[in-house]
There are 2 protein chains.
Amino acid sequence: MTKIGSSSTALNASCGRKAHPNLRRIINKTHAADLSIIFRSLPLEDQSALFNMIPDIQKKGILLSEMEEDAYPELAKKIPPEALADIFEAMPSDDVADLVELLPEEIAEAVLKKMHKRDAEEVADLLSFADDTAGRIMTPDFIALREDTTAREAIASLQKEYSDVEMPFYLYVVDEYGNLTGVSSLRQLVVVPPDTPLKQLMVTDVFSVKTDMDQEEVARLVARYDILAVPVVDENNRLVGIVTVDDVIDIIRTEATEDILKMAGVGEEYIETKSVIKSTRIRLPWLFASLIGGIVAFFIIGHFDGILSEVTYLAAFIPVIMGMGGNIGTQSSTIVVRGLATGRLNVRDIWRVVTKELCIGMILGMVYGLIIAAVAQVSYNTIALAVSVGLALMSSMSIAALVGSFVPMIMARINVDPAVATGPFVTTSIDIISVFFYFIIATTLLGLKLP
Amino acid sequence: MTKIGSSSTALNASCGRKAHPNLRRIINKTHAADLSIIFRSLPLEDQSALFNMIPDIQKKGILLSEMEEDAYPELAKKIPPEALADIFEAMPSDDVADLVELLPEEIAEAVLKKMHKRDAEEVADLLSFADDTAGRIMTPDFIALREDTTAREAIASLQKEYSDVEMPFYLYVVDEYGNLTGVSSLRQLVVVPPDTPLKQLMVTDVFSVKTDMDQEEVARLVARYDILAVPVVDENNRLVGIVTVDDVIDIIRTEATEDILKMAGVGEEYIETKSVIKSTRIRLPWLFASLIGGIVAFFIIGHFDGILSEVTYLAAFIPVIMGMGGNIGTQSSTIVVRGLATGRLNVRDIWRVVTKELCIGMILGMVYGLIIAAVAQVSYNTIALAVSVGLALMSSMSIAALVGSFVPMIMARINVDPAVATGPFVTTSIDIISVFFYFIIATTLLGLKLP
């Protein structure tokens, strides 16, 4: 039995000491997924050397699949097209499609030419579907048998034509036109009399998705129905592939990471492994929204210069009003974005959700408005100031909850990714609105004329 | 073939029109996972009525599993213990354990007493493991065969003693002490000569996890190695259960939601479906951190009252300095929290990560510091002010990147959930630090004496 992690630690140590005779043996014993972790921290030269030391062609394939998206093409350029074609042929077509897509066009073409015609065609077919759809992520390797096939014949076909299918747990049953009519499982095959035709043992209540369904939707269905694979049909209802649960796990993780990163305004892809310069470049534009917001707030406050010179302590409440507004706005938008992503919320519920968030914002605004009014009263003993600050905090928090829930809901409705709408954009607009309302309320209540 | 969603829409319509004769037929045709979505929006009375109309005991089980955690015990109280025991017996033990745990103690005991002794014991065993560990989420229904079992015997055992195993794809091979020695698959069984002993066809390089491993770690391993189930062993290396991929998907989704919600300061559980009062109560304390931060900032600015009355326009830059600091701090902490959650970052890398974030913070701080200094110079034509504002923004952003990455790293190191450390707490401390540095720098450079 393998103790997870132990051999990869040993490998790390060997790499450091350049103990080459041991290296090859350790590489053989280490799982490709573990190798890939070490791989990521190596410079290109060492990656190439290590890669060439791997005897197992399937391990090479997994390693390429698990590499960082920008490191992989560099390594691939150092591998001859014939060798790359051999590796690709040992991999599921959907994974190959992902890898081919990342290669420079001339290399991609050269490699596809060296592959068996059927495999190359499968990959090209997958690449013809739009990104992030069921068609693009499905594997065309599945078991499809006719309704009159017996259990015995089905088992025999597993030993012959379907010997390299990735997920042999479901056996799909199709009619003469290739249309999906039912599903059976390997488990059922072995427990029925060998002469039973599939028609008798198959389940006819089988889900399928269309090739153009969004991968997130596919993942949600697989998760909801606890299935290991979902069949994909084309516009004529012909079975063309299956999406397997391991891809679904990757989609769920990647989509969650994407949403989290977008909400924080750090692009879509995980960037920590990228260089300082690249990271900076990705983060720069998102902060620009925040800068614009800050400059607008600067002009608003500059506009109220008159009142500030008379009541300087107004400035002291700017941070609490901005901070509370920003935080409750983040709460609201996060709840909405995650709710939409997991299917707990539906865009149709927009008014219910926004009204509810507004209620919560008003209640919390009242609670914290009272507290901050008390602090202001104790500090400056001016009722008008205390009321202004309290009211400003309450309106800031109510508006923030409203904006924070409304913006992502509207975005989802017009089919813009709601996660992008959150983060810097929502926070920044809340900042501006908060500061503006604060000065309007204070100017009015403190009886000072507007500048 | 079922078109997903269509029957549930019909059911929704029927519920509205109270078309009872149709209802039963539609319920029969609707997948339990779809029923559960409608179920959530019904009041308790209707839930109970609908539940009783379901003839299929397994559907009832799925429905209970998919219910909201606070709605389920209410419905369960309306079901007689005998009926509940029957439903539980048709479910996987790990799902039953989740449901039993949520019941009031006296009901839980009554139901367990009505169940078959073996099933009840299995559930009690699972509940004896700590929450969120492999032991707690594993299913004790798995296939374990001895090394000398032949392929033919193995298939026969699938038809008899293992006929109700949830995930019959892996056949685990154990020695005389119940220790895990290898794994085979149903697929391999049907393609080898029937007399082959498992010892000859099993794979000995099999991963296993201990009962006390955190469920997040288990999920990461299953995802990394693309497996459908991982065997769980006790302290004596005896095989005691397996964690299946459907549970792993739930864990990945739940943990991602938890992290997102914690970072936004809205508790751990998805609360949008809860009442306004409950939501308010959960969100209130998180905003309190932000309030305290705001009050501290208020006192800091109050402390610099002297300089503000002389240079009122200093106040106008507070929002941009706080906002930019807050946003870059959120970027840094999000990258770290997500990196730690997905295993892309390791707590050992703390200094590398923090140094890198500090670098990025300084570069971005310089860029935006120059821009804001230019804005200040154009607006007020005072070099000292422009330099102060630029420097303050640069230090605010650098410190924010430092704090935003350092705090979650340290939290992870001392085994506190890093997601909790982000959100309101990091933002609030960055607010305070930003304001403080701003006034210190401005006071010094503008040649004004500190109050």
Side-chain angles (χ1 to χ4, degrees), chain A residues 1-2 4 33 155 158-159 168-169 186-187 190-191 205 207 223-226 245-246 249 252-253 256-257 260 264 266 270 272 276 279-280 283 287 290-291 294 297-298 301-302 305 308-309 312 315-316 318-320 323-324 327 330-331 334-335 338-339 344 356 359-360 363 368 424 431 435, chain B residues 2 4 33 155 159 168-169 186-187 190-191 205-207 223-226 245-246 249 252-253 256-257 260 264 266 270 272 276 279-280 283 287 290-291 294 297-298 301-302 308-309 312 315-316 318-320 322-324 327 330-331 334-335 338-339 344-345 356 359-360 363 368 424 431 435:
Chain A
M1 227 185 318
T2 309
I4 289 164
I155 290 176
L158 282 180
Q159 292 160 310
F169 310 117
L186 186 48
R187 205 281 182 56
V190 300
V191 299
D205 184 25
F207 292 129
R224 191 194 295 167
Y225 300 114
D226 281 351
V245 74
D246 53 318
I249 289 183
I252 289 175
R253 293 188 78 168
T257 300
I260 292 173
V266 274
Y270 194 72
E272 190 48 43
V276 170
S279 298
T280 306
R283 286 158 72 165
L287 291 168
S290 170
L291 181 81
F298 159 74
I301 299 178
D305 209 16
L308 263 177
S309 63
T312 45
I318 294 175
V320 75
M324 295 295 282
N327 278 335
T330 304
Q331 287 188 336
T334 302
I335 287 173
R338 191 60 189 161
R344 296 276 207 124
K356 190 173 167 189
C359 279
I360 295 173
I363 297 173
Y368 285 112
D431 281 359
V435 168
Chain B
T2 308
I4 288 163
I155 290 176
Q159 291 160 310
F169 310 116
L186 186 48
R187 206 279 182 57
V190 300
V191 299
D205 184 24
V206 50
F207 292 131
R224 190 193 296 167
Y225 298 114
D226 282 350
V245 75
D246 54 315
I249 289 183
I252 289 174
R253 292 189 78 169
T257 300
I260 292 174
V266 275
Y270 193 72
E272 190 47 43
V276 170
S279 299
T280 306
R283 285 158 75 165
L287 290 168
S290 171
L291 180 82
F298 159 77
I301 299 177
L308 262 177
S309 65
T312 45
I318 294 175
V320 76
M322 278 179 55
M324 296 294 283
N327 278 335
T330 304
Q331 287 188 336
T334 302
I335 288 173
R338 191 60 189 161
R344 297 275 206 124
L345 290 185
K356 190 173 166 191
C359 280
I360 295 174
I363 297 174
Y368 285 112
D431 281 359
V435 169

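In what follows, every heavy atom counts, from backbone to side chain, and hydrogens, waters and symmetry copies are set aside. Sequence lines set the chain letters: A, B, ... in the order given, protein chains first and strands last, and positions in each chain run from 1.
Interface remark: Ile363(A) contributes side-chain atoms only to the contact with chain B (heavy atom separation under 4.5 Å). For a residue to count as touching a neighbouring chain, one of its non-hydrogen atoms must lie under 4.5 Å from one of that chain's; by this rule Ile260(B) touches chain A with backbone and side chain alike. For Leu308(A), the parts sitting under 4.5 Å from any heavy atom of chain B are the backbone and the side chain alike. Both the backbone and the side chain of Met324(B) come within less than 4.5 Å of a heavy atom of chain A. Residue Leu291(A) touches chain B through both its backbone and its side chain, counting heavy-atom pairs closer than 4.5 Å.
Side-chain atoms of Val276(A) and Cys359(B), non-hydrogen and from C-beta on, do get closer than 4.5 Å to each other.
Not counting sequence neighbours, the partners of Asn327(A) by the side-chain contact (heavy atoms from CB on, under 4.5 Å) test are Leu287(B), Ser290(B), Pro424(B), Thr427(B), Thr428(B).
Atom CD1 of residue Ile252(B) and atom CZ of residue Arg253(A) lie 5.0 Å apart, to the nearest 0.5 angstrom.
The two residues Arg338(B) and Ala256(A) have their closest heavy-atom pair at NH2-CB, 3.6 Å. The minimum heavy-atom distance between Ala315(B) and Ile301(A), with the atom names listed, is O-CD1, 3.9 Å.
The greatest number of non-hydrogen atom pairs below 4.5 Å with chain B, out of Gly294(A), Gly323(A), Ala316(A), is found for Ala316(A). Chain A forms the most heavy-atom pairs under 4.5 Å with one residue out of Ile155(B), Asp431(B), Leu186(B), and that residue is Leu186(B).
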Ile249(B) and Arg224(A): side-chain contact (heavy atoms from CB on, under 4.5 Å), yes or no, with the steps?
-> CA-CA 10 Å; Ile249(B) 289 183; Arg224(A) 191 194 295 167; over 6 Å; no
